[in-house]
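Just the heavy atoms: all of them, side chains too, but no hydrogens, waters or symmetry mates, feed the values below.
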Amino acid sequence: MDARKAEKREYLASELDAYAHWFVAPDPSSGAHFLALTLFAEFSDTARMARDMTATFLRGVGADQLIDDARLVVSELVDNVVNHAVPDPRRARLGSARRIDVTFKMWSKWLFIGVADEDSTPPLLPLGETFSPELVGELSEAVLPATGRGLLIAQRLATSVWWTPEDRGGKTVWCRFDLDGGGKDDSLT
């Protein structure tokens, strides 16, 4: 029982450490990296640009092992904005393009990716398994839910997925990828 409690405490401490790092902008002098990218939903190549910038950023910081998963997650989240987000009335401007902000925060232990839009409607994050894990491999894609596939993919590939409302309206959907090689201390100062 004591080993189980210690394991739970260690897990909780790890999650709190990750949260503390997500909450602040990385300091480049500590070896952390940050990139913010603004795209517009009305352009035909928005998702491709997001995928390409994801790969460029991750290659630049030496996280090649994450490129495929992170590109797919970013593509799905950006596609959700393009296909489903409707700007809040206070954010919508007649004749203007819908803004999509993609944020990357990279520490030695974690990669955080945020995709922000101008729609305050909470995303419908899938809860639990639609099918047992044994059946998922045998089922055709046609029997999977018609909506929520992008967020389901994000939940399967990332360590965690959540969303935050923005003060000025809109929301950000966040994903965290845990990295294997986080040996050094990630100071928040």
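Contact check for Gln65 versus Leu58: no side-chain heavy atoms found under the 4.5 Å cut-off. Side chains of Leu39 and Val102 form a contact here, defined as non-hydrogen atoms less than 4.5 Å apart. At a threshold of 4.5 Å between non-hydrogen side-chain atoms, the residues Met106 and Phe57 count as touching. At least one side-chain heavy atom of Leu151 sits less than 4.5 Å from a side-chain heavy atom of Asn80. Side-chain atoms of Asp119 and Pro87, non-hydrogen and from C-beta on, never get closer than 4.5 Å to each other. Side-chain contact between Pro122 and Lys171 is absent, with no heavy-atom pair separated by less than 4.5 Å. At least one side-chain heavy atom of Leu72 sits less than 4.5 Å from a side-chain heavy atom of Leu157. Counting heavy atoms from C-beta outward, Ile67 and Thr54 have side chains that stay 4.5 Å or more apart.
Distance check, rounded to the nearest 0.5 Å: CZ of Arg156 to CD1 of Ile153 gives 9.5 Å. Taking OG of Ser108 as the reference point, atom NE2 of His33 lies at 9.5 Å (rounded to 0.5 Å).
The two residues Ala70 and Ile113 come nearest to each other via the heavy atoms CB-CD1, 4.0 Å. When all heavy atoms are compared, the tightest approach of Cys175 to Leu77 is SG-CD1, 3.8 Å. The minimum heavy-atom distance between Trp107 and Ala32, with the atom names listed, is CE3-CB, 3.7 Å. In this structure, Ala154 and Val73 approach most closely via the heavy-atom pair CA-CG2, 3.9 Å. Contact between Gly150 and Glu76 at its shortest, heavy atoms only, is CA-OE1, 3.3 Å. When every heavy atom of Ala47 is checked against every heavy atom of Val78, the shortest pair comes out as CA-CG1, 4.0 Å.
Between Phe43 and Phe40, the ring-plane angle classifies as perpendicular under the 30° and 60° cut-offs. The aromatic rings of Trp162 and Trp174 lie parallel to each other, with less than 30° between the two planes, well short of the 60° mark.
Heavy atoms from other residues, nucleotides or ligands lying under 6.0 Å from CD of Glu42 number more than 12.
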Fill in: Test log, rule salt bridge (Lys or Arg N to Asp or Glu O under 4.0 Å), inputs Arg99 and Asp101
CA-CA 7 Å; Arg99 181 180 171 139; Asp101 293 316; 2.9 Å; yes

Item to complete: Take Thr103 and Phe34, measure what side-chain contact (heavy atoms from CB on, under 4.5 Å) needs, and give me the verdict at the end.
Response: CA-CA 8 Å; Thr103 304; Phe34 179 83; 3.6 Å; yes

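For the side chain to side chain contact (heavy atoms under 4.5 Å, CB included) with Ile100, the qualifying choice from Thr38, Val81, Leu37 is Val81, the only one to do so.
Taking 4.0 Å as the cut-off between side-chain N and carboxylate O, Arg176 and Asp178 count as a salt-bridged pair. Residues Arg4 and Asp2 are not paired through a salt bridge, judged by the lack of any N-O separation under 4.0 Å between the basic side chain and the carboxylate. Taking the charged nitrogens against the carboxylate oxygens, Glu118 and Arg98 have no contact shorter than 4.0 Å, which rules out a salt bridge.
Here salt bridge (Lys or Arg N to Asp or Glu O under 4.0 Å) pairs that include residues 49-66, with residues two or more places apart or in two chains, are Arg48-Asp52.
Checking Thr172 against Trp163 by side-chain atom types alone, no donor-acceptor pair falls below 3.5 Å.
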